[in-house]
Protein chains: 2
Amino acid sequence: MSPRTEKQIEKLKQKKEKLILESALLLFSEKGYGNTSMQSIAIRSKVSKGNLYNYFEGKEDLLEGVLMYGLNQFAEYFNEFSTELFTEKEFEIAIRGNFEMIQSNKKFWKLYYNLFAQPEVQDLFTKIFTPFFEQYIAIFEMYYKNKGDNDPKATALLLGSALDGVSLGYLLMGDTYPLNNVINQLIEKFK
Amino acid sequence: MSPRTEKQIEKLKQKKEKLILESALLLFSEKGYGNTSMQSIAIRSKVSKGNLYNYFEGKEDLLEGVLMYGLNQFAEYFNEFSTELFTEKEFEIAIRGNFEMIQSNKKFWKLYYNLFAQPEVQDLFTKIFTPFFEQYIAIFEMYYKNKGDNDPKATALLLGSALDGVSLGYLLMGDTYPLNNVINQLIEKFK
DNA sequence: TATCTTTGACTAACCGGTCAGTCATAAATT
DNA sequence: AATTTATGACTGACCGGTTAGTCAAAGATA
């Protein structure tokens, strides 16, 4: 084993790993996954290219790390509102919270929509986001069921899709997109 | 002049160009734009790689050709319903028509959503689809204005985004996505 | 010194794009 | 009708550049 204590090693490694993940997120988000080279990630992380491969097995493994890193930041929030939704007020809070999350971490969600329809990484993408997505839908399905909706599953899927569409539009159009007005109409129609 | 008449040349060229465009659409749609090589398009088109460049100036020019080719197929339809929408019945027909279009040309729309968030080709994408998108929104904005909606612009944008979201979900999830049920709920909520 | 970490030159593969030369075809000529 | 000639569509080897990933060697640490 190393002369350094395991704790020290672990700490250093984690710090550098975090740096790499944040550089990768930034570049993937700005340039797109396919157009970001491992070299450029190495430079931005102030790590040699070869050393990247001591932290991640390859480019796709690094992408997986970036996605997990981003998702974990929201785990708390989601556990909070994964308790069932009963009132329209709670619904509104959840929806507004959803968009606050997106606004507070645009880079991550830009990457998310960049990968959404990329056949190249579809398997990885599905693996990571499917459980997340299903949890989302299940909560809304229950909400509409309680409200006596005639097809809660379809309505929940419609809402999920609408949230995707609005987020995508906002992230791509930027400030041209009147996000708050659109959110108000969405809450009006779906609550 | 050429020994062959211009007409003959033109006819041959058009036929081959169409073949190339259809091969490119297929491959771009299946593999993604970035992961499709000019070589593979050449092979599928039964044309040499070099000859591709007699038809299109480069890969991006070929993509532009594919997008225009796909969009032109819908020009008729759009001119038809670009006359204003007044009744809920007309609205419903327009929405259902929209999804029929998507279902009848999945490859094209899969490519559309593949390119949606690709920084690499964003300029081209914007150039081609912005007028198309704005026309779409303007019609719905007028519809909601006539209905006395309190924020017709935002509602139209919300609808456009919802249509995007639903299309995207359907194209990516395939038959798992209960498209017809979701469309019914969408019409219910937005009409 | 023993062990782990880091480096960056290197490899092999792939890509978009080019170009000198080929060849099927049909007009022109006999 | 037979032969020559002109055309441009077509081929595929080739090029410069870029990439993900490897590895031998040097550096750092206790």
Side-chain angles (χ1 to χ4, degrees), chain A residues 1-21 23-24 27-28 30-66 115 118-121 123-124, chain B residues 1-21 23-25 27-28 30-66 114-115 118-121 123-124:
Chain A
M1 284 311 295
S2 161
R4 272 181 255 191
T5 66
E6 285 198 12
K7 266 192 189 172
Q8 285 176 308
I9 291 170
E10 199 59 28
K11 208 171 173 184
L12 280 171
K13 276 220 152 195
Q14 278 185 4
K15 199 175 167 186
K16 198 153 275 186
E17 185 174 313
K18 198 180 156 190
L19 191 66
I20 293 169
L21 288 171
S23 301
L27 288 166
F28 285 160
E30 275 177 1
K31 308 271 183 187
Y33 172 71
N35 298 314
T36 301
S37 68
M38 293 298 269
Q39 185 66 254
S40 67
I41 295 167
I43 289 168
R44 187 145 221 149
S45 313
K46 284 168 188 164
V47 160
S48 73
K49 190 181 167 186
N51 200 17
L52 276 185
Y53 288 84
N54 293 328
Y55 289 85
F56 299 95
E57 284 174 18
K59 195 180 180 183
E60 197 165 309
D61 186 54
L62 175 53
L63 175 62
E64 182 171 345
V66 168
L115 297 174
Q118 296 308 308
E120 185 186 2
V121 291
D123 286 348
L124 175 63
Chain B
M1 287 309 296
S2 161
R4 267 178 258 191
T5 66
E6 283 198 14
K7 266 191 189 171
Q8 286 175 308
I9 292 171
E10 199 60 27
K11 208 171 174 184
L12 281 172
K13 275 221 152 195
Q14 278 185 5
K15 200 174 167 186
K16 200 150 275 188
E17 184 173 314
K18 199 180 156 191
L19 190 66
I20 293 169
L21 287 171
S23 301
L25 172 58
L27 288 167
F28 285 160
E30 275 177 2
K31 307 272 182 186
Y33 172 70
N35 298 313
T36 301
S37 69
M38 292 298 268
Q39 185 65 256
S40 68
I41 294 167
I43 289 168
R44 187 146 220 147
S45 313
K46 285 167 189 166
V47 160
S48 73
K49 190 182 169 187
N51 200 19
L52 275 186
Y53 288 83
N54 294 327
Y55 288 84
F56 299 96
E57 283 174 19
K59 196 182 181 183
E60 197 165 308
D61 186 54
L62 174 54
L63 175 61
E64 183 171 344
V66 168
N114 173 261
L115 297 174
Q118 296 308 308
E120 188 185 359
V121 290
D123 286 348
L124 175 63

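Proteins get letters first, then strands, A, B, ... in listed order; numbering begins at 1 in each.
Listed by chain and number, the residues in a side chain to side chain donor-acceptor pair (under 3.5 Å) with A/Asp61 amount to none (sequence neighbours excluded). Annotation: ring pair (Phe, Tyr, Trp, His ring centres under 6.0 Å) contacts of B/Phe56 (sequence neighbours excluded): none. For B/Tyr33, the ring pair (Phe, Tyr, Trp, His ring centres under 6.0 Å) test picks out B/Phe28, with sequence neighbours left out.
Closest heavy-atom contact between A/Glu60 and A/Glu120: OE1-O, 4.5 Å.
The stretch residues 58-66 of chain B touches DNA chain C through B/Gly58, B/Lys59, each having a heavy atom within less than 4.0 Å of the strand. Taking a 4.0 Å limit (strictly below) on heavy-atom distances, residues 34-47 of chain A reaches DNA chain C at A/Val47.
When the options A/Leu21, A/Ile20, A/Leu27 are evaluated for a side chain to side chain contact (heavy atoms under 4.5 Å, CB included) with A/Ser45, the one that passes is A/Ile20.
The bend of the helix from C/dT1-D/dA30 to C/dT30-D/dA1, defined by the angle between the axes of its first five and last five pairs, stands at 10° to the nearest 10°.
The side chain of A/Ser48 approaches C/dG8 more closely than any other nucleotide in the set D/dC10, C/dG17, C/dG8. Across C/dT7, D/dA9, D/dT11, the shortest atom-to-atom separation from the side chain of B/Tyr55 is found for D/dA9.
Considering only side-chain N and O atoms, A/Asn54 lies nowhere under 4.0 angstrom from the phosphate OP1 or OP2 of C/dT5. Dashed line: the shortest gap from a side-chain N or O of A/Lys16 to OP1 or OP2 of C/dT5 is not under 4.0 Å. Close to D/dA13, at under 4.0 Å from its OP1 or OP2, lies no side-chain N or O of B/Lys49.
D/dT19 atom P lies 14 Å from atom CG of A/Leu52, rounded to whole Å.
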